[in-house]
2 protein chains.
Amino acid sequence: MTLEAQSQTAGTWPVAFRPYQTNQHQSALSVYRANSEIFGQGEPSGALYRVEFGCVRIGRVTADGRRQLCGFSFAGEVFGWESDEEHRFFAEAVGETGVRVLRPGRDAEASQKLLSLVLTSMRRIQEHLLALGGTKVDERFADFLCEMAERQGDDCLVRLPMPRSDIGDYLGVSFETVSRILRRLKERGIIRIPDTHSVQILDYESLLEISRRKLS
Amino acid sequence: MTLEAQSQTAGTWPVAFRPYQTNQHQSALSVYRANSEIFGQGEPSGALYRVEFGCVRIGRVTADGRRQLCGFSFAGEVFGWESDEEHRFFAEAVGETGVRVLRPGRDAEASQKLLSLVLTSMRRIQEHLLALGGTKVDERFADFLCEMAERQGDDCLVRLPMPRSDIGDYLGVSFETVSRILRRLKERGIIRIPDTHSVQILDYESLLEISRRKLS
DNA sequence: CGGAGGTTTGAAGACATTCAAGCCTAGTGG
DNA sequence: CCACTAGGCTTGAATGTCTTCAAACCTCCG
């Protein structure tokens, strides 16, 4: 599928996967095929990236070979922050994904914008951390699903473009357990699973209840 | 104990708990007694805080009353970031703790500094997230201990001013389990426990090995 | 049609939580 | 100065949950 073809079919995509409209200082669009690396652990950092369409997973591989994902980025979102000279995480395309390199200015206004972007990013990580702190795995998954619903702007149908193993590595849970959680939620009548990569939320309230998203 | 007395005894404190030397734009020093609230969930945000001495725990209480700590701040460290108008987390003094309010400027230089501070903070949260993603609780604790050793600048003796329940809530683990982990590590000859709030690291390498801190 | 990769499901075992009891220590009041 | 108390810490036993290993399924693609 060429880049042109992508653009033409854009209108039929769910919100979160639609090519992102930009207005200025465009650098070239890079299209990565499924499961290809955007940057790797240990590579020099510096640039920021914005997802134009598709989905990116960000994570780390530990010394013993296990993987921990610390986030997904969808169309319109920015990733690649590092406080270090080297990337401490890898970034890979989940499915076919378009990415643009950003070159932020160094003036006060640009710094402000950057700061705001980082804070948003940090907020997401903090919420993820909260979820991982929960003892029950259903909590973690419920939280994940709510987050995805929010980000995709649709309380009913959520698209999960990533494989179960990605969700597992994101939630710190085996992929078999992800599968079992889905079954449990389905049997409780909280979700429906039209196909492997879609979840229909039937009872958003219960989902919120299961997650730890509510404050005291 | 008055503020003056604090300063006089400063020299005998471990590095991380020593009053922090500052140079400019001092606002008044607030001293909080043990377990008192610095700010609460839902309160209006805006200010930044720097710890002068002592230790602050930052976390959230969920709707069902459970608690998740997402970080500790020690002398010299800054906390209170929010992407929102309201504090989404609470901050409490662990022991007696001195805190100063910061009023960052809005110029480019200040923004740069701020950005760098936020990135440091984010990095810490990311590492914490990595730790929570691990399945084994010994991993989580080993990671915590390594982090504390790094931040206190001492590979041998680590001070843990917070109670076991704080460590548990930080690691997403029951406080009884924290106690058991400590025993296991002691029995394996990796640590010694001179007193309840100190841990002596006998085998830092093993600790690193147990944690997920090493990259692939 | 056949194969490969991802997904679901089952059974056994490992691990953490929970509940309950005892311990230790610092702080209090006699 | 010492006994006493309260809170935090440790330890044990039972229960429940998640992981691991294994096998079967399903679906997309060659």
Side-chain angles (χ1 to χ4, degrees), chain A residues 1 33-36 55 57 64-69 92 94-96 131-142 144 159-188 191-199 210 212, chain B residues 1 33-35 55 57 64-68 92 94-96 131-142 144 159-188 191-199 210 212:
Chain A
M1 194 186 238
R33 65 175 195 288
N35 300 314
S36 58
C55 172
R57 65 175 156 253
D64 58 353
R66 283 172 306 166
R67 211 178 55 145
Q68 174 70 41
L69 296 187
E92 294 170 350
V94 171
E96 189 165 81
L132 287 188
T135 3
K136 301 272 180 302
V137 293
D138 295 38
E139 276 175 20
R140 301 190 192 185
F141 185 83
F144 169 66
R159 292 241 63 206
L160 302 177
M162 67 293 285
R164 300 284 187 262
S165 54
D166 278 5
I167 300 176
D169 290 344
Y170 180 77
L171 299 176
V173 151
S174 72
F175 68 90
E176 296 99 323
T177 298
V178 173
S179 189
R180 282 186 257 266
I181 297 169
L182 279 161
R183 180 154 62 105
R184 282 199 287 267
L185 292 179
K186 190 175 67 179
E187 284 169 356
R188 290 172 62 179
I191 60 170
R192 242 171 46 82
I193 307 172
D195 69 287
T196 306
H197 292 291
S198 300
V199 173
I210 295 170
R212 310 175 82 195
Chain B
M1 196 185 239
R33 65 176 196 286
N35 300 313
C55 172
R57 66 174 157 254
D64 58 354
R66 283 173 306 165
R67 208 177 59 144
Q68 172 71 41
E92 294 171 350
V94 171
E96 189 165 79
L132 288 188
T135 357
K136 304 272 182 301
V137 293
D138 295 42
E139 276 175 20
R140 301 191 192 186
F141 185 83
F144 169 67
R159 292 240 63 205
L160 302 176
M162 66 293 287
R164 300 284 187 263
S165 54
D166 278 5
I167 300 175
D169 290 344
Y170 180 76
L171 299 176
V173 150
S174 72
F175 68 89
E176 295 100 324
T177 298
V178 173
S179 190
R180 281 186 257 266
I181 297 169
L182 279 161
R183 181 155 59 107
R184 281 198 288 265
L185 292 179
K186 190 175 68 181
E187 285 169 355
R188 289 172 61 179
I191 61 170
R192 242 172 48 82
I193 308 173
D195 70 288
T196 308
H197 292 290
S198 301
V199 173
I210 295 170
R212 309 175 81 194

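Numbered from 1 within each chain, the chains take letters A, B, ... in sequence-line order.
For B:Arg180 against D:dG12, a side-chain N or O and a base N or O form a donor-acceptor pair under 3.5 Å.
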Decide yes or no on side-chain contact (heavy atoms from CB on, under 4.5 Å) for A:Ile181 and A:Arg140, but give the supporting numbers first. CA-CA 10 Å; A:Ile181 297 169; A:Arg140 301 190 192 185; over 6 Å; no
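Whole-Å rounding puts the B:Phe175 CZ to D:dG8 P distance at 10 Å. The distance from atom CG of B:Asn35 to atom C1' of D:dG7 is 11 Å, rounded to the nearest whole Å. Rounding to whole angstrom units, CZ of residue B:Arg164 and P of C:dT17 are separated by 16 Å.
Of the candidate nucleotides D:dC9, C:dT17, C:dT8, C:dT17 has the atom lying nearest to any side-chain atom of B:Val173. Nearest to the side chain of A:His197, among C:dT7, D:dC18, C:dT8, sits C:dT7. The side chain of A:Ser174 has D:dT20 as its nearest neighbour among C:dT18, D:dT20, C:dT8.
Residue-to-nucleotide proximity on DNA chain C shows that, of A:Ile193 and A:Thr135, the 5′-proximal contact is made by A:Ile193. Comparing A:Lys136 and A:Glu176 against DNA chain C, the residue whose closest nucleotide sits nearer the 5' end is A:Glu176.
Counting heavy atoms of neighbouring residues, nucleotides and ligands inside a 6.0 Å radius, atom CZ of A:Arg184 exceeds 12 of them.
Taking every heavy atom of both residues into account, A:Ile193 and A:Ser198 meet most closely at CG2-O, 3.7 Å. Considering every non-hydrogen atom in both A:Asp166 and A:Leu69, the closest pair reads O-CD1, 3.4 Å.
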